[in-house]
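Please read the structure below before turning to the comments.
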Amino acid sequence: MRSNERAGIVSVIMLFLWGTLLTEPFHIFVDYISAAASLSVKGMGGNEIFCALASYVVLLLAVMLLQKLINTKAETFIPCIIAILTAGAFCFKSLADGHVDLKKGIILAVSVAVVMLFYIVKSDMLLQWAASVYTYSISTALLTALLFVPLSKMNGTLGKILYITRYNTIKITEPFSGMAGLPEIVWGLFLLLIASFPIVFLATQKGKS
């Protein structure tokens, strides 16, 4: 199966599972990228808008980079690198905070073990799928933060229906609310439109099987 075909299948699956505990390892992975970008800008004196923009841009660049890599020989190394770096970031954060989130620790340990199992059984197919899942977890997180989070704030009932926002911690559109007289949802749609062009373009490119 080509990478562009996997991209479509994985994107649909992630869309339905993103608000469930099954996708928690990928939430943690994306949250760390977003937080690192936001905190870096905040440390340089940036306000909430610049922090939100940094998170948006870095997440967009990250998914684009991974989309390019999953069409190369580096594809099978992506799951290992991401799983280990995410676990490393968790350890660093735990030391910095002086507190260990046991639930996250167990989830990340299991995800690393599963990825390592793929290497032990020498399954390139499973590693390719894992690489696609990590890649499109970022685009799913962007879609959630830019579209579904603003939508959930517009109506209490709608907020309960949109379970996809359940574990979301990424705040991109909130600082833009009311800016230039435009509501949060309009800014979210605008940023989503910009992000969708490169992501969809790269996802539809024919890659290796």
Side-chain angles (χ1 to χ4, degrees), residues 3 7-8 10-15 17-19 23-44 46-71 74-75 78-79 81-90 92-93 104 108 111 130-152 162 164-177 179 184-205:
S3 59
V10 169
S11 295
V12 171
I13 293 174
M14 293 298 284
L15 187 63
L17 294 180
W18 194 242
T23 55
E24 185 65 12
F26 311 108
H27 274 279
I28 298 171
F29 159 59
V30 179
D31 287 348
Y32 282 171
I33 297 176
S34 175
S38 180
L39 289 173
S40 295
V41 172
K42 188 176 182 180
M44 293 186 288
N47 59 22
E48 288 187 352
I49 291 178
F50 282 110
C51 289
L53 280 175
S55 176
Y56 168 74
V57 171
V58 170
L59 286 174
L60 179 56
L61 291 176
V63 68
M64 290 171 61
L65 173 61
L66 289 176
Q67 282 181 297
K68 295 295 289 184
L69 290 176
I70 58 178
N71 286 322
E75 180 179 28
I78 291 175
I81 294 171
I82 291 179
I84 291 176
L85 286 178
T86 304
F90 169 78
F92 178 81
K93 186 176 185 302
K104 283 187 178 181
L108 290 178
S111 65
S132 293
V133 170
Y134 274 114
T135 299
Y136 292 103
S137 66
I138 305 176
S139 60
T140 305
L142 276 172
L143 177 62
T144 302
L146 296 174
L147 177 61
F148 294 116
V149 168
L151 280 176
S152 68
L162 293 174
I164 192 173
T165 64
R166 190 173 299 163
Y167 297 104
N168 177 74
T169 61
I170 300 173
K171 297 179 180 180
I172 297 177
T173 57
E174 188 173 308
F176 291 91
S177 182
M179 187 176 178
E184 187 175 343
I185 183 63
V186 173
W187 284 107
L189 289 171
F190 172 68
L191 293 173
L192 181 60
L193 183 63
I194 294 175
S196 65
F197 283 111
I199 292 175
V200 172
F201 174 77
L202 291 172
T204 53
Q205 297 303 295

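Hydrogens, waters and symmetry mates are skipped; everything else that's a heavy atom, side chains included, is used.
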Check: Any donor-acceptor pair under 3.5 Å linking the side chain of S152 with the backbone of V149?
Finding: yes
Notebook entry, point to check: Under the side-chain contact (heavy atoms from CB on, under 4.5 Å) test, which residues partner A141, sequence neighbours left out?
Noted result: W18, V30, I170
Check: What residues form a side-chain hydrogen bond (donor to acceptor under 3.5 Å, both in side chains) with S137, not counting sequence neighbours?
Finding: none
Margin query: The criterion is side-chain contact (heavy atoms from CB on, under 4.5 Å); which residues satisfy it with V12, sequence neighbours excluded?
Written below: F16
Next item on the list: Specify the closest pair of heavy atoms between A37 and V58, including all atoms of both residues, with the distance to one decimal.
Entry: CB-CG2, 3.6 Å
Notebook entry, point to check: Which atom pair, heavy atoms only, marks the closest approach of S11 to A7?
Noted result: OG-O, 2.7 Å
Note to self: According to side chain to side chain donor-acceptor pair (under 3.5 Å), does anything in residues 138-150 pair up with another residue at least two apart or in another chain? List the pairs.
What the structure shows: none
Next item on the list: Output, in order, the C-alpha distance, side-chain angles, deciding distance and verdict of side-chain contact (heavy atoms from CB on, under 4.5 Å) for I82 and L66.
Entry: CA-CA 11 Å; I82 291 179; L66 289 176; 4.1 Å; yes
Check: Can you list every side chain to side chain donor-acceptor pair (under 3.5 Å) pair that touches residues 51-60, not counting sequence neighbours?
Finding: S34-S55
Note to self: Distance check, rounded to the nearest 0.5 Å: K171 atom NZ versus E48 atom CD?
What the structure shows: 9.0 Å
Item checked: Set of residues satisfying salt bridge (Lys or Arg N to Asp or Glu O under 4.0 Å) with respect to K93, sequence neighbours excluded -> D97
Item checked: Closest approach of A145 to P150 (non-hydrogen atoms, all atoms of both residues) -> O-CD, 3.4 Å
Next item on the list: Quick one: list whatever passes ring-ring contact (aromatic ring centres under 6.0 Å, His included) with F90, sequence neighbours left out.
Entry: none
Note to self: Has S196 got a side-chain atom pairing as donor or acceptor with L193's backbone, closer than 3.5 angstrom?
What the structure shows: yes
Next item on the list: List the steps and the verdict of side-chain contact (heavy atoms from CB on, under 4.5 Å) for L146 and L189.
Entry: CA-CA 7 Å; L146 296 174; L189 289 171; over 6 Å; no
Notebook entry, point to check: Is there side-chain contact between I138 and F29, with heavy atoms separated by less than 4.5 Å?
Noted result: yes
Item checked: Separation of Y32 OH from L39 CG (nearest 0.5 Å) -> 12.0 Å
Notebook entry, point to check: What residues form a side-chain hydrogen bond (donor to acceptor under 3.5 Å, both in side chains) with Y136, not counting sequence neighbours?
Noted result: Q67
Next item on the list: Could you tell me which residues satisfy side-chain contact (heavy atoms from CB on, under 4.5 Å) with F92, sequence neighbours excluded, listed by chain and number?
Entry: none
Check: Which pair of heavy atoms, one from A131 and one from P79, lies closest together, and at what distance?
Finding: N-CG, 3.7 Å
Checklist line | Y134 side, atom OH; T86 side, atom OG1 - distance, nearest 0.5 Å | finding: 6.0 Å
Note to self: Please give me the minimum heavy-atom distance between L59 and I33, naming the atom from each residue.
What the structure shows: CD2-CG2, 3.7 Å
Checklist line | Nearest heavy atoms of I172 and F176, plus distance in Å | finding: O-CD1, 3.2 Å
Check: Residues in side-chain hydrogen bond (donor to acceptor under 3.5 Å, both in side chains) with N168, at least two apart?
Finding: none
Note to self: I'd like to check the side-chain hydrogen bond (donor to acceptor under 3.5 Å, both in side chains) partners of T173; sequence neighbours left out, ordered by chain and number.
What the structure shows: E184
Note to self: Tell me whether the count of non-hydrogen atoms from other residues, nucleotides or ligands lying under 6.0 Å of CZ in F50 goes above 12.
What the structure shows: no
Margin query: Going by side-chain contact (heavy atoms from CB on, under 4.5 Å), name the residues that satisfy it together with L143, two or more places apart in sequence or in a different chain.
Written below: L15, L147, F148, L192
